[in-house]
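Right, one structure below, let's go through it.
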Amino acid sequence: MARKTVLIDTSLCTGCKACSVACKAWNELPAEKTQLLTSYQTQSAFTTKTWTYMTFVEKYEDQKMNWLMRKAQCFHCADPACMKACSSNAITKTESGYVVIDQEKCIGCGYCVENCPFGVPKVDLIKKKSYKCTGCIDRVENNLLPACVHTCQPGALSFGERDAMLAQAKKRLVEVQKTHPKAQLYGENEMGGMTYLYLLLDSPEIYDLPVKPTVPLSLTLWKDVIRPVGTVAVGGAAAAVVLGVFANLFRGNYGNSDNKEGGRD
Amino acid sequence: MALKMETRNQMPKRIIEDKVLRFSAGERLSHWVHAISFFVLLFTGLGVLSTSFQPAMAIFGGIQVAQLIHRIAAVFFVVVVGLMFFVGNPRYHWRWLKFVFSFKKSDWQHVCAFPKEFFGGHGNYPEQEKYNGGEKINSLITIFGTVFITLSGVVMWFSSSFPPALVRWAYPVHDLSMFIMTAAAIGHIYLGLLHPDSRAAMSGMINGYVSTKFARAHHREWYERLKKEQSMNEQKNV
Ligand code: HEM
Ligand code: SF4
Ligand code: SF4
């Protein structure tokens with residue numbers, strides 16, 4: 001399946017939260033007790049049972065309030081840090097661009113939790129399994145729209161082939177910039193290009209998003225340098241020992257009576 | 001008798017007939033607790049590190065149990081040896097630290113000649129004190145490795161109490177320490193068990209004593225010092 005994309009056009013979002021309800025319904029996730037945190041926002045982080053939620057920012061400029069809303073979920077990165085970090089090959093990326101956790105393989109080590117630049121995956125401490133948005137891969141592969149896209153009334157969410165969605169996003173951006181000059185796309189190239197592409201009304205910082213999200217340097221160092229070099233070093237030590245035993249055999253050192261008693265005087 | 005004096009933290013008579021006391025009971029306890037817990041940690045850690053080791057965790061009853069054992073072994077690895085420094089057998093433990101942190105020219109000379117010895121040849125180097133240059137390096141790797149692997153391990157264990165930026169760095173630190181310590185341990189085991197010339201040292205870690213012949217051949221400066229100290233003590237006590 002070719003690369004898919006969900007475009008989140010925040011200029012059309014009304015903050016109704018139907019997407020988060022649709023997500024709970026399709027994925028059979030129980031509701032959690034929440035409370036009002038700021039503006040209309042009731043959640044500030046993902047949980048094992050909340051894979052998408054709405055953020056609200058009230059930004060005042062020139063006596064005017066700009067109400068910035070964003071549906072937060074896993075971005076399904078093309079270069080996913082979570083997948084690189086996973087200890088158990090439990091995270092895979094599909095050709096269509098979805099990053100999916102296989103709970104059968106997951107051991108709950110939490111490496112994905114710590115390495116995702118957006119704090120998306122969460123480990124259930126009882127089940128010892130990691131959970132996050134699946135992108136409704138089970139629906140998409142059966143030619144259904146993702147549950148959130150399917151439910152969105154004002155058309156803030158749309159789903160399609162990546163090229164088509166990118167073209168649509170760019171067209172909308174020109175339009176939106178007329179009223180919101182700081183509007184920009186987020187996810188076209190970030191993390192290799194994200195399956196969940198945003199049209200934001202302001203800079204990412206305002207939304208509490210990293211401006212230049214990257215695979216952590218420590219993760220690259222860990223998996224691409226220390227692992228291979230360390231493996232070779234341990235292999236080298238073992239090889240030296242085998243060589244040492246043979247060298248001593250060859251020199252006849254094991255039969256040497258001096259050695260048995262602890263050395264030459 | 002010697003044991004009783006050790007537990008009272010006194011210096012027992014070191015040279016008895018053809019044997020020299022090399023390690024106190026406390027030092028031996030620390031060594032073996034550290035060694036055994038190291039291998040338990042390594043084995044259970046590898047189950048997390050790689051999916052090719054993961055099936056082997058079935059011997060514990062699965063990866064979840066292995067992860068738990070990793071944490072339990074970590075406590076022994078750190079706490080038992082730590083306590084030996086403060087209540088168990090402080091005198092000998094701190095003296096070991098003092099020895100291995102004083103790295104002298106003669107130690108370098110031993111290290112340079114050492115590759116030859118490792119492969120069964122004979123290198124030339126000055127007479128050595130209680131620990132030769134190679135042993136000091138092995139000790140230093142153990143000390144620093146333990147500190148780094150413990151600090152990073154604690155951050156990984158209680159990751160939700162630390163900022164992600166710190167936890168992310170704990171992983172490479174934990175792995176790097178593991179690789180260095182494992183490589184050192186492989187060489188260390190070879191020298192203790194398989195190397196014809198140096199394996200005579202093994203008894204020192206079992207019953208505490210090595211032969212005077214071994215002491216003279218490998219650690220003459222140490223042996224001569226003990227002999228001098230012992231004869232001075234005997235004169236004093238007369
Ligand atoms: C001394 C205190 C130590 C603590 C507190 C500690 C703790 C941890 C923790 C929490 C993990 C994360 C994996 C999991 O959730 O089970 C881990 C992984 C690991 N530990 Fe330790 N550990 C310690 C010492 C050691 C030692 C001495 C070794 C081996 C020589 C070791 C080898 C490993 C390895 C290989 C991993 C897997 C790392 C990876 O996935 O790349 N650990 N340790
Ligand atoms: S947003 Fe985080 S969890 Fe989602 S694919 Fe990217 S790195 Fe993985
Ligand atoms: S918690 Fe699960 S999915 Fe996340 S890195 Fe560990 S094994 Fe992989």
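All values below come from the heavy atoms of this structure, side chains included, with hydrogens, waters and symmetry mates left out. Residue numbering restarts at 1 for every chain, and letters A, B, ... go by the order of the sequence lines.
- Checked against side-chain hydrogen bond (donor to acceptor under 3.5 Å, both in side chains), Thr146(B) has the following partners two or more places apart in sequence or in another chain: His34(B).
- Using a 30° and 60° split on the angle between ring planes, Tyr171(B) and Trp222(A) fall in the parallel class, below 30°.
- Side-chain atoms of Arg251(A) come within 3.5 Å of backbone N or O of Phe119(B) as a donor-acceptor pair.
- Interface summary for chain B: among Leu221(A), Leu219(A), Asn89(A), the most heavy-atom pairs under 4.5 angstrom belong to Asn89(A).
- For the pair Ile107(A)/Gln54(B), a side-chain contact is recorded, criterion being any heavy-atom separation below 4.5 Å from C-beta on.
- Taking non-hydrogen atoms and a 4.5 Å limit, the residue list of residues 121-135 of chain A in contact with chain B, ordered by number, reads Lys128(A).
- Summarising the local packing, OH of Tyr40(A) is surrounded by 12 or fewer heavy atoms from other residues, nucleotides or ligands at distances under 6.0 Å.
- Listed here is the closest heavy atom pair of Ser218(A) and Pro172(B): O-CG, 3.7 Å.
- The side-chain heavy atoms of Tyr111(A) and Met156(B), taken from C-beta on, include a pair separated by under 4.5 Å.
- Within residues 192-206 of chain A, no residue has any heavy atom less than 4.5 Å from a heavy atom of chain B.
- Across Cys116(A) and Arg168(B), no two heavy atoms sit closer than the pair O-NH2, 3.4 Å.
- To the nearest 0.5 Å, atoms CD1 (Ile63(B)) and NZ (Lys105(A)) are separated by 14.5 Å.
- Residues of residues 225-246 of chain A lying within less than 4.5 angstrom of chain B, judged on heavy atoms, are Ile226(A), Arg227(A), Gly230(A), Thr231(A), Ala233(A), Val234(A), Ala237(A), Ala238(A), Ala240(A), Val241(A), Leu243(A), Gly244(A), Val245(A) in numerical order.
- From Glu114(A), atom CD reaches atom CZ of Phe162(B) across 11.0 Å, with rounding to the nearest 0.5 Å.
- Chain B forms the most heavy-atom pairs under 4.5 Å with one residue out of Ala85(A), Gly119(A), Ser87(A), and that residue is Ser87(A).
- Atom OH of residue Tyr254(A) and atom CG of residue Asp197(B) lie 10.5 Å apart, to the nearest 0.5 angstrom.
- Remark: Lys116(B) NZ is loosely packed, at most 12 non-hydrogen atoms of other residues, nucleotides or ligands lying under 6.0 Å away.
- Across Leu176(B), Thr182(B), Asp175(B), the residue that shares the most heavy-atom pairs under 4.5 angstrom with chain A is Asp175(B).
- Shown here is Asp208(A), whose CG atom has no more than 12 heavy atoms of other residues, nucleotides or ligands within 6.0 Å.
- At least one donor-acceptor pair closer than 3.5 Å links the side chain of Asn253(A) to the backbone N or O of Gly120(B).
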